[in-house]
Amino acid sequence: MEYHHREIEKKWQKYWEDNQVFKTDIDNNKPKYYVLDMFPYPSGAGLHVGHPLGYIASDIFSRYKKLKGFNVLHPMGFDAFGLPAEQYAIQTGQHPEITTMQNIKRYKEQLAKIGFSFDWTREVLTCAPEYYKWTQWVFLKMFDSWYNKQTDKAEPLQNLISIFEKNGNHEVNAHHGCKIKFSAEQWKNFNEKQQQEILLDYRLAYLSNTMVNWCPQLGTVLANDEVKDGFSERGGFPVVRKEMKQWALRITAYNERLLNDLDELDWSDSLKEVQRNWIGKSQGAIIDFNIENNNNILKVFTTRPDTIFGVGFMVVAPEHQLVLEITTKEQKEKVLEYIEFTKNKTERERQSEVKNISGVFTGAYVIHPFSGEKIQIWISEYVLGGYGTGAIMAVPAHDSRDYAFAKHFNLPIKEVVAGGDISIEAYETKEGTIINSDFINGLKVKDAISKILQKVEEKKIGFAQINYRLRDAIFSRQRYWGEPFPIYFKDEMPYPIDLDKLPLELPEVDAYLPTDRGEPPLARAKNWKYKNEFHFEASTMPGFAGSSAYYLRYMDPKNGKQLVSKEANEYWKNVDLYIGGAEHATGHLIYSRFWNKFLFDYGLVCEKEPFKKLINQGMIQGVSSFVYRINNTNIFVSKNKLRPDMEYSALHVDVSFVKNNILNIEEFKKWRPEFTNAQFPVEYLEDNENYICGSEVEKMSKSKYNVVNPDELIDKYGADTFRLYEMFLGPIEMHKPWDTNGIEGVARFIRKYWRLFHNETGFDISDEKPNSKELKILHKTIKKITEDIEKLSLNTSVSSFMICVNELTDLKCNKREILMALNTLLSPFAPYITEELWHKDGNNDSITKANYPEFNSNYLVENTFVYPVSFNGKLKFKLEIPNEMSEQEINKILIENEEFIKHLADKVTKKIIIVKGKIINIVI
RNA sequence: GCCCAGGUGGUGGAAUUGGUAGACACGCAGGACUUAAAAUCCUGUGAUUGCAAAAUCGUGCGGGUUCAAGUCCCGCCCCGGGUACCA
């Protein structure tokens with residue numbers, strides 16, 4: 001009897017929906033478990049085979065936990081604001097909401113087929129006003145907060161104002177950007193605007209001047225992504241760096257907590273490492289250098305104060321505020337030219353320029369604080385204005401970038417730490433003895449650092465300083481399709497709108513473009529004013545705004561009064577298992593942690609971290625196919641007939657009509673009008689008259705025609721096969737190219753599984769007691785599957801199921817006790833076929849309500865072990881030995897063994913290594 | 001450039017974390033069943049040499065540690081992701 005996936009899958013989809021099988025509520029009698037997938041962005045291309053990889057894994061885990069007796073929260077929703085929909089809106093004039101909703105509908109249809117156990121009653125969309133109300137609400141909360149370093153948490157701004165009124169800001173220990181000191185008296189005498197300006201320097205959501213990629217022709221700010229080599233990707237217009245007032249979130253107030261709390265997370269070490277590097281804590285010192293013939297002081301940040309006697313020159317960022325002032329007349333022209341040269345480069349470009357070393361001498365000098373030497377001041381792109389003090393003391397002997405710079409410009413290289421060979425390269429290691437360094441000679445690096453720190457503090461020319469690479473998060477986007485800021489302006493100062501006016505809805509505009517004056521699209525909105533008087537902020541929030549706290553909203557998605565109720569939050573707490581791409585390592589994952597900590601400070605959430613355990617899924621890449629067309633003709637040449645003298649171009653061809661690299665020529669001709677008359681001369685085909693395409697592994701994308709859509713596969717093979725195959729492809733964390741070829745093997749497994757439960761006429765399983773062989777197969781499988789699921793090694797579980805079914809088929813086992821246990825075990829992986837068999841066996845409820853089969857180790861006990869016997873590490877034969885035997889007994893059996901004597905021949909044993917239960921190795 | 005991952009048969013991958021390299025599949029070849037096809041089943045399949053028994057080589061490349069290395073250490077090459085406004 002055949003397995004017909006089409007009817008069976010449709011039937012159970014309907015059953016699950018009609019009976020709300022996946023609906024979840026708070027249940028205090030059961031332990032909770034929260035499984036979350038990273039928020040998908042509903043792209044216009046629909047779901048491709050790469051998307052469900054993580055969802056299938058998390059679904060298997062959710063269903064497994066449910067069988068184990070947990071109350072599992074497994075929601076899904078959409079990160080629905082974003083650039084692609086807006087781009088499409090700009091091109092077509094269609095409101096981005098329309099396309100977004102269409103895309104979401106398509107995604108949901110595709111997801112439904114795969115058989116996920118999502119509780120759709122909890123769905124959230126970031127673009128829905130009832131959702132973004134809470135995004136705006138958190139923003140206002142940040143706007144109304146400051147960071148008190150004393151209590152080490154965010155507090156209401158009102159506390160700070162009370163302190164100002166009492167004592168001014170002299171004793172406030174805050175994370176802030178305020179440059180002035182004032183007394184209580186002065187505070188009271190400031191006018192409202194002055195007070196607001198000061199408060200802005202303390203708020204956790206504040207306005208700041210930042211550099212952006214400005215494209216004058218498009219009248220808008222561009223993402224780095226949209227800029228290619230200094231020109232806009234769209235239109236190819238020049239892009240310049242420009243300073244602009246932008247909202248920012250004071251995430252840097254949390255850098256120490258973001259760093260420390262990583263320790264307790266169950267994330268991969270590499271991911272934690274990425275976050276640590278991103279936060280970039282470095283211990284160092286700020287040291288002042290006097291500038292010759294100038295009253296200014298050049299402050300540098302260095303992590304190696306011990307090398308101060310090795311300073312060869314100073315390097316200042318081209319945008320450093322002192323540059324123009326200190327530059328001498330003779331050098332002015334060159335310096336200005338260089339500033340112009342670096343002005344429009346991105347930071348990334350500037351840092352990557354390692355082969356093309358560039359820089360200019362300013363003509364100015366500093367005086368070395370200890371030796372009194374004159375030292376040249378240079379400017380170079382490799383020093384960034386935004387990090388440290390924007391200036392460094394270059395120690396070429398002990399820093400590779402300084403070394404390369406010194407070599408290039410013939411600047412002095414002075415060794416001050418012994419241990420390397422500075423004629424070849426910089427010696428960066430922090431081990432060695434200090435030399436050529438006056439009063440620190442002979443000290444170890446560590447001691448030299450503290451000695452110098454002590455000296456500079458004595459001389460009042462410096463102090464120890466901890467620096468972080470992490471910067472405050474820029475929170476404005478000059479776009480339409482995002483959350484509006486609940487902010488209006490009065491007298492040029494930002495004010496929050498009243499809380500009862502939330503959400504501030506996105507207004508209609510006549511075009512999704514900036515205004516002629518270069519304001520963001522929202523400035524086009526007609527009559528859009530607060531209290532008919534004050535204009536609103538025209539920027540919108542960035543992508544990460546809506547995705548920073550969505551995991552909380554799933555706990556209580558319909559709550560109109562709170563982001564999340566205390567009851568819901570205290571039950572669901574935080575995410576137990578989070579699955580998503582590693583590309584979010586420094587964006588979303590750090591912002592969410594920050595938002596969560598902010599809410600935690602106010603007691604609005606009960607856990608200080610949002611995601612306890614995290615698994616990064618790898619990307620499924622596409623395999624693109626190419627055809628080769630001789631230039632200026634419509635003649636195509638098969639891959640192996642290409643000759644070096646031919647002038648041809650490789651064109652992407654849709655992978656749907658290429659199989660095993662062989663092109664279906666007829667379908668290709670029908671594909672696009674320009675190929676209708678495509679010619680395939682026999683001499684340019686392979687000898688068997690096939691056309692062979694070239695192939696390459698690339699990112700799966702519409703433009704490369706390499707997108708494999710799950711719908712067709714599910715229609716042909718069924719969702720269970722599709723789910724198993726995605727898991728069977730390999731470890732979830734690894735990147736791999738998609739290849740549909742192997743799916744047959746999994747489809748065969750499903751058919752074979754079905755046959756275990758059926759004879760030619762129908763369902764047929766017996767109540768006969770299983771024998772020890774069958775029990776052993778079952779329990780070996782339960783053990784392996786359980787261990788594999790726990791460590792999310794789902795590819796190996798699929799193999800184990802295959803082995804189990806192969807073995808049971810060989811034994812012709814159709815016993816209920818074995819098969820129905822196996823069926824429950826398989827149900828998280830293949831929910832449809834197992835649900836069908838579960839009901840055929842007479843159960844009336846869903847298999848999701850079944851109990852997970854219990855493992856009994858007694859069935860696996862073995863009395864003997866088969867030892868691999870190797871000579872010098874090379875396997876020669878095997879030897880079965882009872883478990884209870886001692887090493888001496890094993891040794892005795894071994895040396896009397898025929899095979900052993902044969903392999904040893906005339907050689908002498910030097911040593912026999914016996915590792916019990918593992919291996920025997922004979923050294924000869 | 002910097003940070004993080006990865007590299008094992010023709011292909012996807014496995015290997016209890018230092019202990020039998022290639023499990024499980026795909027593909028391919030041969031065979032059975034069938035009028036035929038599909039489906040199913042059986043056999044073989046890392047490379048080289050050999051009739052065979054077997055031997056040698058073999059986990060990106062070059063070294064090292066060890067009785068034993070895909071796994072640990074040092075150096076290099078290649079590919080992927082991130083690099084702060086794609087999501």
Side-chain angles (χ1 to χ4, degrees), chain A residues 2 38-43 79 81-84 87 210 212-213 220-227 246 268-271 273-274 276-278 280 346-355 382 400-401 469-479 542-544 547 581-588 590 616 618-619 621 660 697 699 725 728-731 733-746 748-749 751-752 755 787 793 795-796 798-803 806 866-878 910-913 915 917-924:
Chain A
E2 296 272 313
M38 279 187 196
F39 228 6
Y41 175 79
S43 99
D79 187 12
F81 278 131
L83 268 186
Q87 209 60 265
T210 9
V212 295
N213 300 314
T220 188
V221 176
L222 297 175
N224 283 338
D225 220 57
E226 301 172 292
V227 185
Q246 302 269 39
S268 71
D269 288 338
S270 62
L271 183 59
E273 195 60 22
V274 170
R276 281 191 197 104
N277 292 336
W278 190 255
T346 63
E347 275 182 24
R348 202 191 304 176
E349 282 167 342
R350 280 172 53 174
Q351 296 229 287
S352 323
E353 287 291 3
V354 122
K355 290 192 184 89
Y382 82 94
S400 57
R401 299 221 49 179
R469 213 182 65 98
L470 185 72
R471 300 198 295 248
D472 279 343
I474 308 301
F475 204 61
S476 313
R477 301 291 182 264
Q478 281 62 47
R479 305 285 178 184
F544 68 83
S547 58
E583 64 273 19
H584 298 286
T586 53
H588 163 62
I590 219 155
N616 282 131
M619 203 181 17
Q621 294 146 317
N660 296 326
V697 174
K699 212 170 178 165
Y725 184 56
F728 190 59
L729 276 178
E733 305 93 336
M734 279 217 296
H735 301 293
K736 54 226 147 193
W738 177 265
D739 176 13
T740 305
N741 279 331
I743 201 168
E744 286 290 345
V746 181
R748 255 168 233 159
F749 162 76
R751 288 196 291 262
K752 204 164 173 178
R755 277 200 302 274
E787 287 167 357
S793 170
N795 55 327
T796 50
V798 179
S799 299
S800 306
F801 278 123
M802 288 175 168
I803 293 167
N806 288 345
V866 180
Y867 281 88
V869 181
S870 49
F871 286 72
N872 285 346
K874 278 179 189 149
L875 175 76
K876 294 297 172 186
F877 65 94
K878 288 176 186 176
K910 280 193 197 137
K911 201 174 173 186
I912 294 178
I913 292 154
V915 185
K918 281 240 163 95
I919 200 168
I920 297 170
N921 190 23
I922 298 120
V923 188
I924 50 174

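By convention in this document, chain letters (A, B, ...) are assigned in the order of the sequence lines, proteins followed by strands, and residues within each chain are numbered from 1.
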Taking a pair as Watson-Crick or G-U wobble with both distances under 3.5 Å, which nucleotide is matched to G1(B)? U83(B)
Using atom P in both nucleotides, what's the gap between C4(B) and G10(B) to the nearest angstrom? 33 Å
G44(B) and A23(B), which share atom name P, separated by this distance in whole Å: 12 Å
Does the side chain of R755(A) get closer than 4.0 angstrom to OP1 or OP2 of C41(B) through an N or O atom? yes
R479(A) side chain N/O closer than 4.0 Å to the phosphate oxygens (OP1, OP2) of C85(B)? no
Please report the distance separating the P of A15(B) from the corresponding atom of U20(B), rounded so that it comes out in whole Å. 13 Å
Under 3.5 Å on both distances, the Watson-Crick or G-U partner of U48(B): A55(B)
Which whole number of Å gives the distance between the C1' atom of G18(B) and that of G31(B)? 43 Å
For the residue pair T346(A) and N224(A), establish whether any side-chain heavy-atom pair is separated by less than 4.5 Å. yes
Using the side-chain heavy atoms of Y41(A), tell me which of these nucleotides is nearest: G80(B), C24(B), A87(B). A87(B)
Any R748(A) side-chain N or O less than 4.0 Å from OP1/OP2 of A39(B): no
Taking atom P in both C3(B) and G19(B), what distance in whole Å separates the two? 30 Å
Most 5' of E744(A) and F81(A) on RNA chain B, judged by nearest nucleotide: E744(A)
Just confirming the chi classification of G31(B), syn or anti, using 90° around 0 as the syn window. anti
Taking the C1' atom in each of G46(B) and U59(B), what is the distance between them to the nearest angstrom? 11 Å
Got a donor-acceptor pair under 3.5 Å from the side chain of E273(A) to the base of C3(B)? no
If the threshold is 4.0 Å, N to carboxylate O, is there a salt bridge linking R469(A) and E347(A)? no
In whole Å, I'd like the distance from the CD1 atom of I590(A) to the C1' atom of C4(B). 14 Å
Would you mind reporting whether Q246(A) and Q478(A) have side-chain heavy atoms less than 4.5 Å apart? yes
Separation of C86(B) atom P from E226(A) atom CD, nearest Å, is 7 Å
Phosphate oxygens OP1/OP2 of A14(B): is one of them under 4.0 Å from a side-chain N or O of N795(A)? yes
Options A84(B), A14(B), A87(B), nucleotide nearest the side-chain atoms of L83(A): A87(B)
K876(A) side chain, from C-beta outward: closest of C85(B), A87(B), U56(B): U56(B)
Side chain proximity check, E226(A) to L83(A), heavy atoms < 4.5 angstrom: yes
Starting at the 5' end of RNA chain B and moving along, which residue's nearest nucleotide shows up first, V212(A) or E733(A)? E733(A)
For R751(A) and A39(B), is the shortest distance between a side-chain N/O and OP1 or OP2 below 4.0 Å? no
Nearest-angstrom distance from the residue atom CZ of F728(A) to P of A25(B): 7 Å
Could one point to a donor on the side chain of K752(A) or the base of U40(B) with an acceptor on the other under 3.5 Å away? no
Between atom CG in L470(A) and atom C1' in G82(B), what is the gap in whole Å? 15 Å
N/O (side chain, R477(A)) to phosphate O (OP1/OP2, C85(B)) under 4.0 Å: yes
Decide yes or no for V923(A) and N872(A): does some side-chain heavy atom of the first lie under 4.5 Å from some side-chain heavy atom of the second? yes
Taking G19(B), A87(B), A21(B) as options, the one with an atom nearest any side-chain atom of K918(A) is G19(B)
Under 3.5 Å side-chain donor-acceptor pair for N806(A) and K752(A): yes
Chi class for U40(B): syn within 90° of 0, otherwise anti: anti
Counterpart base for U20(B), defined by Watson-Crick or G-U wobble contacts under 3.5 Å: none
Nearest listed nucleotide, side chain of R348(A), among C24(B), A84(B), C85(B): A84(B)
When the P atoms of G64(B) and C51(B) are compared, how many Å lie between them, rounded to an integer? 37 Å
Closer than 4.0 Å, any side-chain N/O of N224(A) to the OP1 or OP2 of A84(B)? yes
With a 3.5 angstrom cut-off on both distances, give the Watson-Crick or G-U wobble partner of G30(B), or none if there isn't one. C42(B)
Which nucleotide in the set G12(B), C41(B), G81(B) lies at the smallest distance from any side-chain heavy atom of E583(A)? G81(B)
Please report the distance separating the C1' of U40(B) from the corresponding atom of U34(B), rounded so that it comes out in whole Å. 11 Å
Given A25(B), is OP1 or OP2 found less than 4.0 Å from the side-chain N or O atoms of N806(A)? yes
Does E273(A) come within less than 4.0 Å of R276(A), counting only side-chain N to carboxylate O? yes
Watson-Crick or G-U wobble partner for C72(B), using a 3.5 Å limit on both distances? G64(B)
Against the side chain of N921(A), the closest entry in G82(B), A87(B), C67(B) is C67(B)
With heavy atoms under 4.0 Å as the rule, sort Q246(A) into base, sugar-phosphate or nothing. base
State the pairing partner of A37(B); accept Watson-Crick or G-U wobble contacts with both distances under 3.5 Å, and report none otherwise. none
Could you label the plane-to-plane angle of the W738(A) and Y725(A) rings as parallel, tilted or perpendicular, counting under 30° as parallel and over 60° as perpendicular? perpendicular
Answer whether the closest heavy-atom distance between the side chains of H588(A) and F39(A) falls below 4.5 Å. no
Taking G12(B), C86(B), U11(B) as options, the one with an atom nearest any side-chain atom of P84(A) is C86(B)
By the 4.0 Å heavy-atom rule, please label S476(A) as base, sugar-phosphate, or nothing. base
